[in-house]
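In what follows, every chain begins at residue 1, and chains take the letters A, B, ... in the order their sequences are listed.
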2 protein chains.
Amino acid sequence: MTQCPAARIGDTLDDIDTPALVVDLDALESNIEHMAAFTAANGIRLRPHAKTHKCSAVARLQIAAGAVGICCQKVSEAEAMANAGITDILVSNEVVGSRKLERLAALSKRVTVAVCADNAENVDAIDAAAAEYDTTLTVLVEVDVGGGRCGVRPGEEARDLALHIAAAPNLRFGGIQAYHGPAQHVRDHAERGQKIAAATEALRASLDLLTAEGLECDIIGGAGTGSYVFETSSGLWNELQVGSYVFMDHDYALNFGETGGPVDTFRHSLTIRTTVMSAPTPTMVATDAGLKAYTTDCGLPALVNLPEGKVFKAADEHTMISFETPEARPAMGAVLSLIPGHCDPTVNLHDWIVGVRNGRVECLWPVDARGAVF
Amino acid sequence: MTQCPAARIGDTLDDIDTPALVVDLDALESNIEHMAAFTAANGIRLRPHAKTHKCSAVARLQIAAGAVGICCQKVSEAEAMANAGITDILVSNEVVGSRKLERLAALSKRVTVAVCADNAENVDAIDAAAAEYDTTLTVLVEVDVGGGRCGVRPGEEARDLALHIAAAPNLRFGGIQAYHGPAQHVRDHAERGQKIAAATEALRASLDLLTAEGLECDIIGGAGTGSYVFETSSGLWNELQVGSYVFMDHDYALNFGETGGPVDTFRHSLTIRTTVMSAPTPTMVATDAGLKAYTTDCGLPALVNLPEGKVFKAADEHTMISFETPEARPAMGAVLSLIPGHCDPTVNLHDWIVGVRNGRVECLWPVDARGAVF
């Protein structure tokens, strides 16, 4: 079910078949270098999230720039990255079910791997899988610092689960996972800061109880592209798990930009190239990319360099775009570029990333972990 | 980038790894048989749309039940179906660009294929590709009968493009494509009928002009799961291109049901199985399927057989579900089933369909055309 690439290395932009997932390599490298420089300057480790790109080639660039490893959300995603040569992976998510835990235990015999937990019975199941595979698994306690998704409550619940992990014969307590998802998409920079200030207090309360028990945290992880400056300045987190900064989607572009904020710092490197396949009215076109080429869970995609055009509908295989005047409407066969509303699930639709620079296709990268939902 | 199947043939439901795309074979066969019986009883041809399932195994069941062939939306989708043995394919969409047209021309030398057009220059490009590949391509005129997407205007524009096709040396005029997309999702049965009544008049006006020119239509195609009873009763359409009826998604379930309407006629055969991976509060769970296992462009998925539960958020890898009481909340590790809001883009996320009957995995079907966006 893997499709052929949309282009060949050396092709001009016009040679790229559409719809295609295209990455501007200069913009991508600039984003990777900026985040690496920020973390180096602030003395905090960088462990970018591979759930965004699902691509080992991008992960290797991030590690070459100084990242200590990567995060994954699924065991199958971690397996795909390990198969491609990535050797240090944190599964920043709970893993439930004996089949998945056995695969995680087997993976731990090949690469450095850690996993999160928020439930004592699940910790016991992880311990049993580690015993069966004669390995030791590193487990972090996920604490709900305000995100309202997974995680134990800060404080005593976090301490008690950490002690439960530390007492398990085949497990190693690895630290705390403290990620605040909703804060990433708060539009106002200062408001995002307030959310992370509250998360910081919740994390501090938990860390104090761990210290009282003599439990040390190798990893205190969290943060996203929308909030990483705040976790960094708190002085509590020691690893940033930012993902979207490599591509930047339209939703992040709607976050207000201030110095250190994502919008004025990172460039849009990811676009969907799409061809005008119908011009049914003088001020409307249909293009050949739709809901199978990008997702709309964070809104419709944005048009690149066409201020007079407005995407008004996404159908399964069509994007409908209106223009203020007939003069502004592109011709049949014209190729447009769209910035997806949400990069992570959009990348997961494609088998290949087409890397371009100076108007030429420079590389074709497999999306190694596309569809890795297990 | 193709993932392993989530199960093995003979597995029990509990053996299926999650998240998994699961089809109830009894419900699927019932849906296929009902639509086949309806079209046979009404003397209208059935050409189901493969954009919904992208699966040659489902297409073969539809053809075995009496369908004359299938529809596809993309050349690459048609190639995948032809590679799997489907021999009569209508690309019910415009195809723009020499690379795609050359592949369409090559495909026409292997199987019976037709394509739609709504632009004279595009017709000339199709003719040129047919000439280069020493073949004859069948081209239908797409008419906008109210959908507001692609298509020429009814009447003279439709006639003129049909004459242009008929005059092209390497093309054969194949008929009219008259599909009304928005009508499918109008909630009220009678209102859907009014939309198709207007579409019927637009189609009739076009057909009258074609008749006056002596142009015969082999295919007069259109209709969807929400409206097919109306196109059929009009007496004008001769092929139904219904797709969603095989699976039925939650959005179609919101259409009011009357006799002959989709809801009371077809069963939900497609679900996403997902495991409870976190229970952060007494009345909330997180499961292991998210935006990479289903799409939300038609709303959040619906829970099967859990009236007390409510899906309230879909994240990239999590579904958040709330329950009225702690007693109603499933335990860690429990497996739930979700009915996707929109089946077409959801199926496109998965490499395999797990077919189940009587509590066992009976078959594993590759989603042959997953990711076929070219």
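Heavy-atom pairs under 4.5 Å with chain A peak, among B:V152, B:V367, B:D144, B:V95, at B:V367. Taking chain A as the reference chain and counting heavy-atom pairs below 4.5 Å, the highest number among B:P366, B:S76, B:A372 is found for B:A372. Ranked by heavy-atom pairs under 4.5 Å with chain B, the list A:T295, A:L291, A:V285 is led by A:L291. For chain B, the option among A:T281, A:D15, A:V276 with the highest count of heavy-atom pairs below 4.5 Å is A:D15. Between chain A and the residues B:E157, B:Q73, B:H318, B:K54, the most heavy-atom pairs under 4.5 angstrom are made by B:H318. For the options A:D17, A:L349, A:N348, heavy-atom pairs under 4.5 Å to chain B are most numerous at A:D17.
Only the side chain of A:D118 comes within less than 4.5 Å of a heavy atom in chain B; its backbone stays farther off. Heavy-atom distances place the side chain of B:H342, and not its backbone, under 4.5 Å from chain A. Heavy atoms of B:E94 lying under 4.5 Å from chain A belong to its backbone as well as its side chain. Interface residue B:A286: only side-chain heavy atoms are found under 4.5 Å from chain A. Contacts between B:A314 and chain A at a heavy-atom distance below 4.5 Å are absent for every atom of the residue. Heavy-atom distances place the side chain of B:N122, and not its backbone, under 4.5 Å from chain A. Using a 4.5 Å cut-off between heavy atoms, A:A80 makes no contact with chain B at all.
Smallest separation of non-hydrogen atoms from B:K313 and A:P182: NZ-CG, 4.4 Å. Here the closest non-hydrogen pair linking A:F374 and B:P19 is CE2-O, 3.0 Å. Of all the heavy atoms in A:T18 and B:K100, the pair that sits closest is O-NZ, 2.6 Å.
B:K51 contributes no side-chain N or O that, together with a main-chain N or O of A:E317, makes up a donor-acceptor pair within less than 3.5 Å. Checked by atom type and distance alone, the side chain of B:Q3 pairs as donor or acceptor with a backbone atom of A:R370 at under 3.5 Å.
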Would A:N119 and B:M277 count as a side-chain contact (heavy atoms from CB on, under 4.5 Å) here? Give the steps. CA-CA 9 Å; A:N119 174 281; B:M277 54 175 283; over 6 Å; no
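For the pair A:D316 and B:K74, the salt-bridge criterion is not met [side-chain N within less than 4.0 Å of a carboxylate O].
How far OG of A:S278 is from CZ of B:R149: 9.5 Å, rounded to the nearest 0.5 Å. In this structure, A:C150 SG and B:M284 CE are separated by 8.0 Å, a value rounded to the nearest 0.5 Å. Rounded to the nearest 0.5 angstrom, A:R99 CZ and B:T275 OG1 are separated by 10.0 Å. The line from CG of A:D351 to OG1 of B:T2 is 7.0 Å long, rounded to the nearest 0.5 Å.
Residues A:D297 and B:T296 bring no donor and acceptor atom of their side chains to less than 3.5 Å of each other.
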